[in-house]
Structures are given as structure tokens and as C-alpha cells.
> 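First, the structure itself, so that you have it in front of you.
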Number of protein chains: 2
Amino acid sequence: MTGPRWEPRRLSAVAVELPPGVTPAGTRGRILLAGLQLFAEYGFHGTSIRDLATAVGINSATLYAHYPAKEHVLAELVLLGHEELHRRLQQALVEAPPGPAAQLAALVRAQVGAHADFPLLALVANAELHALSPERAAPALALREQSRQLGLRVLRLGADRGEFRVADPVLAATAIGSMGMQVAHWFGPDQPYTRDQVADAYADFALQLVGADPVQKG
Amino acid sequence: MTGPRWEPRRLSAVAVELPPGVTPAGTRGRILLAGLQLFAEYGFHGTSIRDLATAVGINSATLYAHYPAKEHVLAELVLLGHEELHRRLQQALVEAPPGPAAQLAALVRAQVGAHADFPLLALVANAELHALSPERAAPALALREQSRQLGLRVLRLGADRGEFRVADPVLAATAIGSMGMQVAHWFGPDQPYTRDQVADAYADFALQLVGADPVQKG
DNA sequence: AGCTGCCAACCAATCGATTGATTGGTCAGT
DNA sequence: ACTGACCAATCAATCGATTGGTTGGCAGCT
């Protein structure tokens, strides 16, 4: 499509930005940011290379001087999103106080924080991954599985120690992960919550869900 | 695209079906079912009318004898999905034992059940709604808001009565709704859970999340 | 200063293929 | 003869991608 079909309604109020230090320099970075916005709003197949080029302010041919194909722009965004989340989860585990409860709270805060800080990136990484060919989706899927295992290990540890009262850690991990994932779909500066308020609330939800005693916030 | 880009990986093991009594008779119904499968796997913009016609086994021109445009096929699916969920939520509330805890459990069981019984429909209704024009998305969005209010009222009632220990019912309703919504993305016959096991587990999760005492299953 | 070589960035024009949609018409069942 | 279902052929428009070529700035040398 040449122009936007209609006014953005999916994520209009959210800033178009990537995590610090990962935006490529020059035009390549601007293409990535424009792709972030358009893919989030209209989807990968709903965005043409002319839409993308127009948003960047360049000719569509110039795109191919920076990316070999439209799909590679999406692939980079999807990978960046999964890398950012996994990095934050790992760091949260490292910095967390010992014990499954504190670790679970730290993981949930990190996940919610990542999706609240960069909702566009989280949305594209999750909702548009299916548009990638299997070989280009594989790295992100591998990262996603690793992130899932981080949460699952903490839940199993808590269950084994008797600190969590949860019958099925796999289902609990899925449910908790689902809560945080959806944050990217609704959180924004127009909401009456700060990112920390949502992160703390969701961490409490997760602890309650697994039947743990509340822990102090860090 | 003329043929499938790659083997289905999003929802390959899930049956392509609609709730009883809502499938139109004849070719119109077959178009709807084919759209359900293709839109779920490849997205609305990732599915051409030729893909759709080929899956039905008819010529692409014949589609226009049944639907005025490709978008109307999606619009009907999206509306069907939201109607089915809302209908089940209402019925669950009617049939539930009195009291906020039992009502919350019933709502969650109904939501999870709907998304587990018809994951393709739930996926299309939620993930492809953004591809609809505002006027055709409006009915589904209105239904979604009504469904949200059903859950919110129960949470507020439980909080007011002191049966739920939840600081922010709005955030809690969002979190609980997010859990169930995501079920459509992973549940299938290949999972080691029945739909009732997941529904019951998620109902318990929701009750734990709001700090309620467990209730007997219905 | 002036010249040369270089390179990232850029674009007009265009490719063949595919898009959503339309026409005029066929065909089986009643 | 009428009707609903269907299709071959085709439309203008747009798709992702490619070509050949231009631009402006900067480093190194004279």
C-alpha cells in the first residue's frame, strides 16, 4: 500500500525507539526504526517496501543498499527484541537476591519492564515472527526457548523447595509469561500507570499465582 | 503468494472448525473455514484471494459471489470469535454459583475453554483484528470491551467484599485476561493437557492471583 | 589550493510477477 | 425458463526487486 490505510490505532502513542546501543548508525538505523513503527502498526505483509522507504525519506531502491530483502529488516528487529528480553532476564537473575521468590519477582519485573520500555519492539518480535521464513525465525525461537527455561527453572526450584505451591510448574510458567507478554499490547504513556507500577504489580501477581509469600521490592 | 511459503508451523495440529451452528451453509461456509486456516497461519495480508480460493477448491472470482471483498471474510471471522467468547462468558456467569470467587473461576474457565476449543478462531479474532478497517473492527472491539467489563465487575465485587486481596482490579483483570488469551497460541491436541485441565489450572491461577480461597470445581 | 580516487548514499526508471477485483458467460438443477 | 453456483479471461494497480547511474563529501597527494 502506498499510504497508511487509516490512522494508526494499534500503538499510536508509543515512542518509536530501540534499546540503547543496538541501533545501527546512519540510514540503516533509520530503516530499522521505520520498520519498527510500520510493522508494529500494519504488520509485515501490510507494509510495502515503498511504505518503508517513504517513512525513511528515501527511494525504495536505496533500501536494497542496506538490506538484501524486506524480510531481513523484520528478521533483525525480531532478533533484537528477543535478545533484549533474554539479556534483561539474565541480568535480572544475576542481580536478584537469592531464593526462588525473589528470582521469580525479578524475572517478571524484567519481562514486564522490557515490554513496557519497548512495546513496539516486543510486539513486532512476537506478533510478526510468523512472517519470517523458518531459517530466519530459528535464532529468535531458540532465544525464546532459553528465556522460557529461565523461568521454568526458577519455578521448579521454588516448587521443589516447597516455597511455591504450584501443581504444574510448566503451566504456571506459561501463564506468568503470558501475562507479561501481553503488556506490549496495551501499555503506553497514555496509561495511568508507570512502567515500574505495572512491573511491581505483575511481580506480585506472579508470586500470588504460585502461592509464595510476598517479598520486598528491590 | 500463490502457494504456501513453507509448511505450517503456527497451528499445524489444530482442527479447522467453527463453533456449532455458526458456520454458513454451502460454499460460504467453506470459504470461512479456509479463511480461518489461512489467516491463522499466514495472516490476512499474507493470504491472497487466490490462496483462499485454491484452499476452498474454487476460482478466485467465485469468492465475490459470496463475499463483497476479502476483508469481509476476515470481518466475519473476527466477529464470530468475539461473539463466541462473549456468549460463553455470559453463560458462565449465569450458571456459576453465587459469589465472586466462583464467578471469577467460571469466567476464566470459559475464556480458556473458548480459546482451547477454537484456537484458530481466537487467534484470528485477536491477532488479525488490526487488519480490519475501523468501521469493520468496531463491532468486535465493542464486544471485547463488554467482555472485559464482565471480568472487571466480578473483580471489583470480590475486592469490595474483601474476598479478593487485590490492590488494583483493573491491572488484575488485564493480567488474568492476558493469561487466557495466550492459550490460543500454544494449546493443541499435541499438548499433554486436556482443555479442562488447562481451564481448571488457569482458574486456580486466577483465584490465587487475586488472593482468594480456592473453590470447588463445577 | 587544486586535483584525484574513492565510497556510502541516493534515485529515476523499470523488471516480471502478483495483487484485489470485475466481466461475460457456462452449466446443472428445478 | 429461471436461478444459484461457478469459472476463464482479464483489468488496473501494486508488489518486491533490480538496473545503471548520480551525488556530495572526505582522505591523500602534489
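These figures come from a predicted structure and were not determined experimentally. Below, chains carry the letters A, B, ... as their sequence lines are ordered, and counting in each starts from 1.
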> Could you tell me which residues satisfy side chain to side chain donor-acceptor pair (under 3.5 Å) with B:Gln197, sequence neighbours excluded, listed by chain and number?
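For B:Gln197, no residue satisfies side chain to side chain donor-acceptor pair (under 3.5 Å) once neighbours in sequence are set aside.
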> Which residues in residues 31-38 of chain B have at least one heavy atom lying under 4.0 Å from any atom of DNA chain D?
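Contacting residues: none.
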> Could you tabulate the donor-acceptor pairs under 3.5 Å formed by side-chain atoms of residues 75-82 of chain A, not counting sequence neighbours?
residue	atom	partner	partner atom	Å
A:Glu76	OE1	A:Arg28	NH2	2.9
A:Glu76	OE1	A:Tyr67	OH	3.3
A:His82	ND1	A:Val78	O	2.9
A:His82	NE2	A:Arg144	NE	3.4
A:His82	NE2	A:Arg144	NH2	3.4

> What nitrogen or oxygen pairs link the protein and nucleotides 25-30 of chain C at under 3.5 Å?
none

> Going by salt bridge (Lys or Arg N to Asp or Glu O under 4.0 Å), name the residues that satisfy it together with B:Arg87, two or more places apart in sequence or in a different chain.
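Here the qualifying residues are B:Glu84.
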> Quickly work out the A:Leu52 CG to D:dA17 C1' distance and round it to whole Å.
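So the CG-C1' distance, A:Leu52 to D:dA17, works out to 14 Å.
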> Output all residues satisfying ring-ring contact (aromatic ring centres under 6.0 Å, His included) with B:Phe39, sequence neighbours left out; order by chain, then residue number.
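ring-ring contact (aromatic ring centres under 6.0 Å, His included) list for B:Phe39, sorted by chain: B:Phe44.
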> With B:Glu135, which residues qualify under side chain to side chain donor-acceptor pair (under 3.5 Å), at least two apart?
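None.
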> Who are the side chain to side chain donor-acceptor pair (under 3.5 Å) partners of B:Ser147, not counting sequence neighbours?
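Partners of B:Ser147 by the side chain to side chain donor-acceptor pair (under 3.5 Å) criterion, ordered by chain and then number, come out as B:His86.
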> Mind checking salt bridge (Lys or Arg N to Asp or Glu O under 4.0 Å) for B:Glu71 and listing every partner two or more places apart, or none if nothing turns up?
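Once residues adjacent in sequence are excluded, the partners of B:Glu71 under the salt bridge (Lys or Arg N to Asp or Glu O under 4.0 Å) criterion are B:Arg136.
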> List for me each residue that meets salt bridge (Lys or Arg N to Asp or Glu O under 4.0 Å) alongside A:Asp168, sequence neighbours excluded, and say none if there are none.
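Checked A:Asp168 against salt bridge (Lys or Arg N to Asp or Glu O under 4.0 Å); zero matches.
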> Please produce a list of atom pairs where a protein N or O lies less than 3.5 Å from an N or O of nucleotides 5-11 of chain D.
residue	atom	partner	partner atom	Å
D:dC6	OP1	B:Thr27	OG1	2.8
D:dC6	OP2	B:Thr27	OG1	2.6
D:dC6	OP2	B:His66	NE2	3.1
D:dC7	OP2	B:Asn59	N	2.6
D:dC7	OP2	B:Thr62	OG1	3.2
D:dA8	OP2	B:Asn59	ND2	3.3

> Provide the full list of salt bridge (Lys or Arg N to Asp or Glu O under 4.0 Å) pairs with a residue in residues 173-199 of chain B, sequence neighbours left out, each pair given once.
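Passing the test, one end in residues 173-199 of chain B: B:Asp117-B:Arg195.
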